[in-house]
Amino acid sequence: MDLAIYYLKDDGQQPYLVREVHRVPYTTAVASAALHELISTPPHTPGAQTVLPPQTKVLGIKIENGLCTVNFSEEVLKANVGAAGEALGIQSIVNTLTEFPEIRQVSFQVNGQVDERAKNWWGHVGLYNQPFKRDLSSVVKPPIWVTYPLPNQVASVPLLVKGSAMVFEGTVNARLRDEQGQEIARGYTTATQGAPGRGDFELRLTYQKPPSGSKGTLEVFWVSPKDGSELDKVTVPLIWP
């Protein structure tokens with residue numbers, strides 16, 4: 001299955017988060033799998049880094065009424081991402097866990113408690129304002145991602161398309177192609193925020209006749225106001241009903 005993992009990246013100016021999709025063996029313990037991936041798997045994005053020491057262990061996860069409480073081992077206190085990355089270090093973990101709809105907030109423990117050392121875990125930010133909520137405002141890359149439909153999902157009529165974008169004026173374009181590459185539907189919408197903000201988007205693509213072949217492709221992108229080129233295109237393979 002695919003998991004979305006958020007890593008920290010610092011280009012020497014303003015640090016930000018990057019979102020990567022990692023394929024892992026299927027499990028029902030998705031929150032635990034996502035944390036283990038964040039701790040132990042290096043990011044694919046050049047220059048990105050994980051925020052937790054590789055020796056960190058997840059001692060327990062409790063999800064109740066939308067709150068996910070994570071109990072880390074003592075090694076987590078060795079996390080050091082620098083003063084500029086403290087808030088993003090926390091948000092890296094929180095965004096990774098809140099990818100799952102049953103998790104809306106996240107709080108942390110160290111060895112089952114939150115003592116003074118744990119409260120000062122992230123320096124100036126600390127754990128004083130727990131629980132933490134999802135915040136995608138500092139996720140710069142990729143500019144666009146699609147959360148629905150999933151790859152190789154059976155397409156519906158109309159096809160619902162949902163995702164997140166950080167693009168010029170928030171304008172997101174979508175195109176549906178059949179197996180031969182023929183365009184059978186096109187549409188656009190405006191995300192809830194335009195760049196430099198990040199916003200959610202949603203639209204529906206309607207096609208009138210069954211496409212040829214058994215497969216198709218969804219393309220989501222934004223159009224350059226300078227030369228009309230299609231930028232940051234995301235492609236999602238689909239199966240026709």
Side-chain angles (χ1 to χ4, degrees), residues 1-7 9 16-26 30 33-34 37 41-48 95-96 99-101 136 139-241:
M1 63 182 184
D2 291 334
L3 296 177
I5 311 297
Y6 292 80
Y7 293 100
K9 185 170 182 179
Y16 58 89
L17 295 178
V18 297
R19 180 184 189 267
E20 296 184 357
V21 176
H22 292 197
R23 177 148 289 190
V24 302
Y26 176 78
V30 289
E37 190 72 8
T41 302
H44 307 317
T45 305
N95 287 348
T96 296
E99 280 282 324
F100 308 111
L136 300 180
V139 185
V140 175
K141 295 182 180 179
I144 298 175
W145 66 77
V146 176
T147 57
Y148 191 91
L150 300 176
N152 299 310
Q153 183 171 317
V154 176
S156 60
V157 183
L159 178 66
L160 175 63
V161 182
K162 300 173 67 175
S164 176
M166 182 181 283
V167 299
F168 178 72
E169 294 186 342
T171 304
V172 179
N173 293 262
R175 177 193 296 121
L176 201 53
R177 296 186 186 273
D178 65 14
E179 196 165 24
Q180 283 69 44
Q182 182 73 28
E183 180 179 305
I184 60 173
R186 176 192 282 260
Y188 71 92
T189 189
T190 303
T192 53
Q193 290 189 66
R198 173 170 290 280
D200 297 329
F201 67 85
E202 179 177 322
L203 75 156
R204 286 172 170 79
L205 297 176
T206 300
Y207 46 99
Q208 299 299 324
K209 59 181 181 179
S212 59
S214 60
K215 298 180 180 180
T217 303
L218 169 68
E219 299 176 348
V220 181
F221 54 94
W222 68 285
V223 177
S224 168
K226 183 181 297 185
D227 57 13
S229 58
E230 299 176 355
L231 304 175
D232 299 310
K233 185 178 295 181
V234 177
T235 59
V236 182
L238 298 173
I239 299 173
W240 304 122

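Residue numbers start at 1 and run along the sequence shown. For the numbers below, each heavy atom of this structure counts, side chains included, while hydrogens, waters and symmetry mates do not.
With rounding to the nearest 0.5 Å, the separation of CE in Met166 from CD in Gln193 is 8.5 Å. Expressed to the nearest 0.5 Å, how far CD1 of Ile5 lies from NE2 of His44 amounts to 9.5 Å. Atom OG1 of Thr192 and atom CZ of Phe201 lie 10.5 Å apart (nearest 0.5 Å). Considering CZ of Arg175 and CD of Glu230, their distance stands at 4.0 Å, rounded to 0.5 Å. Between the OG1 atom of Thr96 and the OH atom of Tyr6 there is a distance of 7.0 Å, given to the nearest 0.5 Å. The CG atom of Asn173 lies 4.5 Å from the CZ atom of Phe221; values are rounded to the nearest 0.5 Å.
Remark: Lys233 NZ is packed, more than 12 non-hydrogen atoms of other residues, nucleotides or ligands lying under 6.0 Å away.
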Assess whether side chain to side chain contact (heavy atoms under 4.5 Å, CB included) is satisfied between Val161 and Thr189, documenting all intermediate values.
CA-CA 10 Å; Val161 182; Thr189 189; over 6 Å; no
Quick one: do Val220 and Val236 satisfy side chain to side chain contact (heavy atoms under 4.5 Å, CB included)? Show the steps, please.
CA-CA 8 Å; Val220 181; Val236 182; 5.8 Å; no
Run Leu160 and Glu202 through side chain to side chain contact (heavy atoms under 4.5 Å, CB included) and show every step you take.
CA-CA 7 Å; Leu160 175 63; Glu202 179 177 322; 3.6 Å; yes
Applying side chain to side chain contact (heavy atoms under 4.5 Å, CB included) to Asn95 and Leu17, what does each step give before you reach the verdict?
CA-CA 10 Å; Asn95 287 348; Leu17 295 178; 3.8 Å; yes
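The shortest distance between side-chain heavy atoms of Leu205 and Leu203 falls below 4.5 Å. Looking at heavy atoms from C-beta onward, Leu238 lies in side-chain contact with Pro149 at the 4.5 angstrom threshold. Using a 4.5 Å heavy-atom threshold, the side chains of Thr45 and Glu20 count as touching. Arg198 places a side-chain heavy atom less than 4.5 Å from the side chain of Ser164. The shortest side-chain heavy-atom distance between Met1 and Val24 falls under the 4.5 Å cut-off. Within the 4.5 Å cutoff, the side chain of Val223 has no heavy atoms near those of the Thr171 side chain. Between Arg19 and Pro142, the closest side-chain pair of non-hydrogen atoms falls below 4.5 Å.
A ring-centre distance under 6.0 Å is found for Trp240 and Tyr207.
The minimum heavy-atom distance between Pro42 and His22, with the atom names listed, is O-CE1, 4.3 Å. Heavy-atom minimum distance, Ala48 versus Pro43: O-CG, 3.3 Å.
Pairs of residues two or more places apart, or lying in two chains, that qualify as side-chain hydrogen bond (donor to acceptor under 3.5 Å, both in side chains) and include a residue from residues 144-154 are Tyr148-Gln153.
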